[in-house]
Participant: 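I'd like to ask you about the structure that follows.
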Amino acid sequence: MPPRLSLRVAFPRPSAVIASHAPRRFLLPLTAQRGIQYGWSTAPPRSKHRRFNQPSAGLPAPTTGPAAALKRRENTTPLRAGVLATKKGMTSMFVGKTRIPCTVLQLDQVQVVANKTREKHGYWAVQIGAGSRQPRNVTSPMLGYYEAKGIAPKSQLAEFTVRGTEGLLPVGSQLLPDWFQTGQIVDVRAKSRGMGFAGGMKRHGFAGQGASHGNSKNHRTIGTTGPSQGSGSRVLPGKKMPGRMGNEWVTVQNLKVMKVDNELGIVLVSGAVPGPKGRAVKLQDAKKRKAPALPYRERVLREMLERHPGGEAQLEAARQRHLEMKEQRQSKAAEL
């Protein structure tokens with residue numbers, strides 16, 4: 001047989017092909033690798049991507065990350081901030097011939113302490129403080145925090161997430177009960193009453209065991225906890241057992257504001273509110289209902305700004321005074 005001939009075709013090298021064409025273009029635009037405004041990832045460092053899926057790159061909109069999370073919660077995030085109140089007890093009032101049980105919530109020196117923005121913190125929120133506390137019972141970092149804002153130390157602090165920048169309020173402004181409109185729907189969130197250590201029947205509603213027929217001193221026990229068939233002779237995680245009951249965050253939604261009184265500083269809401277008397281509760285516009293009408297929101301905001309004129313100037317003066325006092329304290333400490 002004649003020998004087989006091998007044909008060799010000389011192809012140009014890849015480097016020569018690339019050099020002969022236009023400069024290489026990146027498929028994705030170069031963006032900053034870190035920064036809240038670009039989003040972040042909770043994945044471990046070994047699997048973090050160097051670029052994010054940006055809509056401008058011809059890719060689908062991201063379904064994970066802070067921007068997507070804010071977009072998903074946009075419709076259920078209140079437009080306005082809420083207030084911190086103290087539960088004083090329960091009463092009732094008549095609407096026509098109907099007796100409606102109500103909870104009395106009192107507002108005590110409710111002020112705006114700080115604002116959180118999307119650019120710096122990743123979301124929009126308003127920090128609210130209520131009550132008062134002796135300076136000797138406040139830590140030094142918190143004393144400097146209040147000093148820089150020109151506000152007396154508060155006994156309670158809480159954050160209220162808002163939908164956008166229009167929900168942010170001037171630092172130092174005070175919120176009165178008329179922040180809420182009579183007849184509107186609100187959500188109330190507080191810690192429930194602590195019950196201590198409770199058994200399975202009280203904590204989870206178990207039926208207990210038989211009262212007779214061989215049962216000896218096991219009438220209120222929970223019974224078996226780790227069946228062997230199908231579970232591997234072990235107690236499955238999350239098994240309902242005796243333990244500490246109560247003292248957990250509970251939200252009661254869609255309560256109606258029955259009465260608002262600025263002189264007494266109280267807000268009456270229909271129904272029961274979690275927690276014992278004296279417990280601090282969070283009161284905010286309902287997530288699943290419409291917010292108060294726009295004219296009412298604008299009027300209340302305008303009245304609040306009139307009660308607190310020159311808020312930005314006062315805040316800047318407090319910051320400058322804080323820096324001066326901080327330098328004096330540091331110099332005094334250095335001398336000692």
Participant: For Glu324 and Gln328, test the side chains for any donor-to-acceptor distance below 3.5 angstrom and give the result as yes or no.
Facilitator: no
Participant: Restricting to ring-ring contact (aromatic ring centres under 6.0 Å, His included), what partner residues turn up for Phe206, sequence neighbours left out?
Facilitator: His204
Participant: Would you say the side-chain atoms of Gln330 pair up with the backbone N or O of Glu327, donor to acceptor, closer than 3.5 Å?
Facilitator: no
Participant: Under 4.0 Å between a side-chain nitrogen and a carboxylate oxygen: does that hold for Glu74 and Arg163?
Facilitator: no
Participant: Compare all side-chain heavy atoms of Lys287 with those of Pro78 and state whether any distance is below 4.5 angstrom.
Facilitator: yes
Participant: With distance as the sole criterion, is a donor-acceptor pair present between the side chains of His219 and Gln209 under 3.5 Å?
Facilitator: no
Participant: Quick one: does any side-chain atom of Arg203 pair with a main-chain N or O of Met241 as donor and acceptor, under 3.5 Å?
Facilitator: yes
Participant: Counting N and O atoms only, with roles assigned by atom type, does the side chain of Asn115 sit under 3.5 Å from a partner on the main chain of Leu169, one being a donor and the other an acceptor?
Facilitator: yes
Participant: Between Lys154 and Gln111, do the side chains contain an N or O donor and an N or O acceptor separated by less than 3.5 Å?
Facilitator: yes
Participant: Answer yes when Arg299 and Glu303 have at least one side-chain N-carboxylate O distance shorter than 4.0 Å, and no when they do not.
Facilitator: yes
Participant: Main chain of Val250, side chain of Arg189: is a donor-acceptor contact present, judged purely on distance under 3.5 Å?
Facilitator: no
Participant: Please determine whether a side-chain nitrogen of the Lys or Arg among Lys332 and Glu335 lies less than 4.0 Å from a carboxylate oxygen of the Asp or Glu.
Facilitator: no
Participant: Tell me, which pairs form a ring-ring contact (aromatic ring centres under 6.0 Å, His included) where one or both residues lie in residues 138-184, sequence neighbours left out?
Facilitator: none
Participant: Do the side chain of His308 and the main chain of Gln174 share a donor and acceptor less than 3.5 angstrom apart?
Facilitator: no
